[in-house]
There are 2 protein chains.
Amino acid sequence: MATIKQVSELAGVSSATVSRVINNADSVKEKTRNLVLEAMRTLGYRHNVIAASLASNKTNTIGYVVPELHGSFFGPMMSGSEAELRNANKHMFVATGHSDEKVEQEEIEALLGRRCDGLILHVEAVSDSYLIDLARQDVPFVVVNRYIEEIGDYCISLDNVQGGYLATKTLLDAGHKDIAYIAGSLFKADARERLTGHKQALEEAGIMFNPALFYEGDFQAHSGFEGMMSLVGHLDAFTAVACANDEMASGAIEALRQEGIDVPQNCSVIGFDNIEFSSYLTPKLTTVNYPMREIGQMAARWILARAYGKETLELEHVLPPHIIERDSITRPRRR
Amino acid sequence: MATIKQVSELAGVSSATVSRVINNADSVKEKTRNLVLEAMRTLGYRHNVIAASLASNKTNTIGYVVPELHGSFFGPMMSGSEAELRNANKHMFVATGHSDEKVEQEEIEALLGRRCDGLILHVEAVSDSYLIDLARQDVPFVVVNRYIEEIGDYCISLDNVQGGYLATKTLLDAGHKDIAYIAGSLFKADARERLTGHKQALEEAGIMFNPALFYEGDFQAHSGFEGMMSLVGHLDAFTAVACANDEMASGAIEALRQEGIDVPQNCSVIGFDNIEFSSYLTPKLTTVNYPMREIGQMAARWILARAYGKETLELEHVLPPHIIERDSITRPRRR
DNA sequence: CTGAAAGCGCTAACAT
DNA sequence: ATGTTAGCGCTTTCAG
């Protein structure tokens with residue numbers, strides 16, 4: 001593998017000059033530049049980014065810890081970040097945390113060891129205090145999909161309370177008064193926040209929260225199915241159900257179908273997240289949009305600002321959700 | 001940021017020794033090791049992987065070019081590779097090619113510039129000859145989801161012909177004789193291969209391929225919808241349709257539903273790929289499994305073998321597809 | 001506009 | 001078992 005030195009010799013210039021043309025920094029006379037370019041070509045030179053990073057103490061790389069590489073949720077977020085970083089000529093190093101505290105920490109360490117200029121952290125298992133501590137070490141990073149009060153500046157997330165509120169409000173506006181709720185695992189903050197929004201909407205409408213119409217699922221489709229199966233006993237007590245995510249909504253719809261209950265004619269359903277398949281369900285699912293791509297972009301913008309001091313307009317920490325209207329909600333039938 | 005040198009001074013040993021404990025190579029006396037570990041801790045030392053890579057000429061990193069970071073197709077493949085690499089203590093550097101020739105080439109160059117020890121290439125736009133040329137340069141790499149004869153050893157892919165064959169065979173076995181086909185964009189090799197399989201199955205059953213029952217889509221759901229809309233005119237001429245992927249199958253099902261044609265009672269449907277949402281469709285889609293995760297794993301195993309000379313059992317180049325039976329196929333009704 | 005030279009932080013012989 | 005010492009290939013002052 002050819003080095004800068006060999007190129008410089010062939011071109012009859014110093015290695016500093018070669019470096020200059022590579023980084024097209026400083027001014028290099030057109031003629032020398034061509035000489036160098038030519039030499040690079042004949043030698044099949046390939047810039048050694050590792051060596052450059054060591055010397056310059058910059059890698060032009062942002063590390064990204066994601067829970068998983070698959071799934072309809074993380075992909076769009078990474079894509080959003082990637083687009084923004086590409087745009088700024090930075091690269092992205094992706095590592096997987098697998099929602100495991102130890103793995104997440106190791107990956108963060110590994111990324112730092114690789115001297116990433118900044119980190120985008122989509123971590124679920126690592127403690128708040130670990131992250132707070134990281135902030136003290138002056139590591140440039142942002143946290144995605146999680147809000148930690150002490151380092152609120154570092155966090156980019158969706159307004160889940162507002163999302164939960166909107167979902168139920170949409171049902172209320174359609175005329176529903178008796179609304180069941182299938183929550184996500186309540187040890188997760190977003191599950192709690194969405195539920196809070198639900199209760200707020202209810203309260204605002206002067207409706208009491210009814211524990212009999214509540215089921216705690218775990219964000220998986222299957223738990224939506226089970227939740228609805230256990231709720232369906234009192235179907236006379238509700239006309240609609242709000243689910244804390246689309247997977248559970250799909251499970252709930254399946255349960256309803258299995259019981260011969262038409263959606264939305266006999267029960268309206270609203271989901272949350274607007275993941276890809278929600279528009280492929282029957283009926284097409286009305287849901288709350290989780291702006292994954294936008295959050296990914298926003299995270300990238302923040303980290304670009306933090307790590308490279310890029311000025312950027314439009315930086316926000318909490319993004320607003322909105323309703324995607326499709327076919328799973330209708331006005332309640334007269335009973 | 002503390003360096004190995006500072007650690008060595010604090011611990012009262014040489015920097016070589018510190019390096020030894022970091023890489024826990026060679027033998028280091030328990031006592032010295034603890035001394036070093038202690039010094040590292042008090043200094044908050046963090047290993048500089050960049051410097052190590054430069055010195056050792058190894059990065060322990062595999063570069064992965066993927067068309068996109070989102071989508072139900074690439075995620076599982078990346079996950080499969082990641083698991084296998086993690087297992088071998090190697091890292092993965094993901095870059096996005098966006099199915100654009102120039103971008104793909106640039107990313108491959110960037111990954112090589114970063115001195116990745118090997119590359120997993122899921123590239124669609126770059127030419128065969130570019131890849132063949134890369135092979136000549138002794139770059140350790142594998143190509144995924146694509147077969148190039150001259151470098152067959154470097155390729156890992158699904159047997160698409162066999163998949164296409166199986167799909168139609170399944171329909172034939174259910175008693176269908178008149179089978180429509182919605183293909184992917186025929187400028188893509190996999191679309192052509194799947195169609196070839198379809199024709200083989202037909203031929204084997206002594207059935208003539210009927211161009212009137214053929215539609216060339218583009219792998220998008222919408223084209224499946226349109227294809228079915230144009231096919232549905234001669235619904236009396238077929239009792240089943242095979243689609244070259246699940247998206248188009250979902251579009252076809254939607255068209256059928258819209259026309260009031262029950263699936264599978266009045267028309268059976270089979271897809272291809274078994275992407276996540278296919279089991280959420282109504283009816284649940286019978287399809288050909290594309291073993292994404294397994295292909296990702298296999299790619300990782302090959303590259304581990306190539307780049308690090310790891311011995312591995314079970315290396316294959318062409319993986320077999322199989323049918324996932326669900327609810328979108330039934331025996332044809334008597335007419 | 002270009003060259004000389006001192007590192008960047010680590011590894012890997014080679015010694016001891 | 002540990003220390004010495006050259007680099008790895010590049011960037012970056014500082015001169016000229």
Side-chain angles (χ1 to χ4, degrees), chain A residues 1-40 43-61 91 109-117 308, chain B residues 1-40 43-61 91 109-117 308:
Chain A
M1 189 104 289
T3 73
I4 246 188
K5 185 131 175 289
Q6 296 172 288
V7 173
S8 72
E9 281 162 5
L10 204 167
V13 300
S14 76
S15 61
T17 300
V18 177
S19 173
R20 287 183 185 108
V21 351
I22 288 170
N23 299 291
N24 51 38
D26 298 5
S27 31
V28 178
K29 222 195 322 183
E30 191 60 21
K31 211 175 131 194
T32 6
R33 151 171 276 108
N34 288 141
L35 230 48
V36 172
L37 257 20
E38 182 55 26
M40 283 175 38
L43 258 47
Y45 175 76
R46 185 169 280 147
H47 188 48
N48 187 328
V49 180
I50 294 287
S53 295
L54 178 60
S56 68
N57 199 28
K58 284 196 319 168
T59 54
N60 291 311
T61 300
H91 284 260
E109 278 305 314
L111 258 13
L112 256 18
R114 281 203 148 69
R115 293 301 186 268
C116 289
D117 298 329
Y308 307 105
Chain B
M1 189 104 290
T3 72
I4 246 187
K5 187 131 173 289
Q6 298 173 287
V7 173
S8 73
E9 282 161 5
L10 205 167
V13 299
S14 77
S15 62
T17 299
V18 177
S19 173
R20 285 181 186 111
V21 349
I22 288 171
N23 300 290
N24 53 37
D26 298 6
S27 31
V28 178
K29 222 193 326 181
E30 191 57 24
K31 212 175 130 193
T32 8
R33 151 170 278 109
N34 288 141
L35 228 50
V36 172
L37 256 19
E38 182 54 27
M40 285 175 38
L43 259 49
Y45 174 78
R46 185 169 280 149
H47 188 48
N48 188 328
V49 180
I50 294 288
S53 296
L54 179 60
S56 68
N57 198 29
K58 284 196 320 169
T59 54
N60 291 312
T61 300
H91 283 260
E109 279 304 316
L111 257 14
L112 257 16
R114 282 203 148 67
R115 295 302 186 267
C116 288
D117 298 330
Y308 306 106

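Values below: every heavy atom of this structure, side chains too, minus hydrogens, waters and symmetry copies. Letters go in sequence order (proteins before strands), and every chain restarts at 1.
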- Query: Counting any heavy atom closer than 4.0 Å, what does B:Thr32 reach on the DNA or RNA strands: base, sugar-phosphate only, or nothing?
  - Reply: sugar-phosphate
- Backbone N/O of A:Gln6 and side chain of A:Glu9: donor-acceptor pair under 3.5 Å: no
- Message: Rounded to whole Å, please give me the gap between CG in B:Asn24 and P in C:dT11.
- Response: 12 Å
- From B:Lys29 NZ over to B:Leu35 CG, what is the distance, rounded to the nearest 0.5 angstrom? 10.0 Å
- Task: Using whole Å, report how far CD of B:Glu9 lies from P of D:dG3.
- Result: 12 Å
- Whole-Å distance separating the CE atom of A:Met40 from the C1' atom of D:dC10: 13 Å
- Message: Looking at A:Ser19, I'd like to know whether one of its side-chain N or O atoms comes within less than 4.0 Å of OP1 or OP2 on D:dC10.
- Response: no
- Item | Side-chain (B:Ser53) to main-chain (B:Val49) donor-acceptor, under 3.5 angstrom | yes
- Message: Please check: side-chain N/O of B:Thr59 versus main-chain N/O of B:Arg115, any donor-acceptor pairing under 3.5 Å?
- Response: yes
- With sugar-phosphate meaning primed atoms plus P, OP1 and OP2, does A:Val13 contact a base, only sugar-phosphate, or nothing at under 4.0 Å between heavy atoms? sugar-phosphate
- Give a yes/no answer on whether the side chain of B:Thr17 brings an N or O atom under 4.0 Å of OP1 or OP2 in D:dG3. yes
- Query: Nearest-Å distance, CG (B:Asn23) to P (C:dC10)?
  - Reply: 10 Å
- Length of the line joining B:Lys5:NZ and C:dT11:P, which is rounded to integer Å: 16 Å
- Between protein and nucleotides 4-9 of chain C, map the contacts as a letter string: B base, S sugar-phosphate only, - none, heavy atoms under 4.0 Å, written 5' to 3'. B--BBB
- Message: With rounding to the nearest 0.5 angstrom, report the CD1 to CG distance, B:Ile4 to B:Asn48.
- Response: 9.5 Å
- Verdict with reasoning, B:Thr61 to A:Arg114, per side chain to side chain contact (heavy atoms under 4.5 Å, CB included): CA-CA 11 Å; B:Thr61 300; A:Arg114 281 203 148 69; 2.4 Å; yes
